[in-house]
Amino acid sequence: MRRTRVWAGLLGLQRVVVEDVQIGSEDEIVVAVRPIWRQRDRCGVCERRSPGFDQGDGRRRWRALDLGTTLAFVEADAARVTCRRHGVVVCAVPWARHTSRFTRAFEDQTAWLAVNTSKSAVAELMRVAWRTVGAICERVCDEACQEVDLLSGLRRIGIDEISHRKGQRYLTVVVDHDTGRLVWAAAGRDRKTVEWFLDELGEERCKQIELVSCDMASWIAGPVADRLPDAVRCVDPFHVVMLVTDALDEVRRDVWNEARKTGDIVLARDLKGARYALWKNPENLTGRQQAKLSQVQHTNRRLYRAYLLKEQLRQIYRLPADAAITLLDDWIAWARRCRLPSFVKLARTITAQRAGIVAAIEHGLSNECLSHCTSW
Ligand SMILES: [Zn+2]
């Protein structure tokens, strides 16, 4: 009796009876359960008790939180009931949300990570596909919205987009900077979606918002400026770092294409291999990548200049505010006359967004976003 409760506790399962624990064919741990009596025969949608229909597809598995380094699954029957309102549906189970293949505890952790770390980190740590993370975020948020009013008491928020299902679908998400929690999500990335959020927030609560961080896109910045006129708008550091990384990549591609055209096969091959060395933060470079980088320094001054420009802009998020702003202005001056078209263009964008970038530095948003930035 006590041992079964330990298993339920380890996997974060409540209101279940643990029937059996086994090691599966791929060394995964499989915990067979059934809902306690009170939780049985309930509609998966409304949880109303309903008459049984059939055994559904038989046994089903839900991915649970890993136990140490071992994958774990919850296994149970997936019987169906006939609900008065919803017809024939799979029964509700206390350990998972309807239609999910993951346990609640697993989904809650994934959603938290999606908001607080980089997307590659979530997918890698939780061992799921990135598109699965998007689906999980939607489910967690839908449920949370029904239970408590997540939009009350918001002061500092971030509005962002995340891609979902291999980039074919986008979600607009809103994060509470004070708690790090996802408070709103909806399909779409356009002005209408942002306005929908602001409608739900309502006029009174809009007035309470002191700070909004977002990227430079007008579909967010436009409605934010219209409806939250008193809020400080910060440019999310993550997006600045992303833009500078893109500018660097453009230079690398140009140089590479030129090398190929002039038949310099050795240089072309070297440049291709240098991609990651140029991208990564210098403190994370392997010995081989460091060697690549110093090779670039000697063989291609244009590309190395682009690299230094990227690094300097990234540095502004690691310095105290005063020094950071000075460095930002130095960067703009340098980028303007660097004769690298992608950086000259970026200098114009950064100049136009300077107020928002400075606001992010002054309000310390750079620290919160550093976990994003370091993945680049
Ligand atoms: Zn129902």
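Whatever order the structure lists ligands and atoms in, that order sets their numbers, starting from 1.
- Around the Zn ion (ligand 1), the protein contributes the following N, O or S atoms at distances under 2.8 Å: C43 SG, C46 SG, C83 SG, H86 ND1.
- Between the side chains of E107 and S100, at least one donor-acceptor pair of N or O atoms lies under 3.5 Å.
- Of the inter-residue distances, the one linking L303 atom CG with L278 atom CG reads 5.0 Å to the nearest 0.5 angstrom.
- No donor-acceptor distance shorter than 3.5 angstrom exists from the side chain of W95 to the backbone of R104, with no hydrogens or angles considered.
- Neither side chain, T103 nor R63, offers a donor N or O lying under 3.5 Å from an acceptor on the other.
- Remark: R80 is not positioned above the aromatic ring of F53, lacking an NZ or CZ atom under 6.0 angstrom from the ring centre and at most 45 degrees off the axis.
- Scanning for ring-ring contact (aromatic ring centres under 6.0 Å, His included) contacts around F106 gives F102, with sequence neighbours left out.
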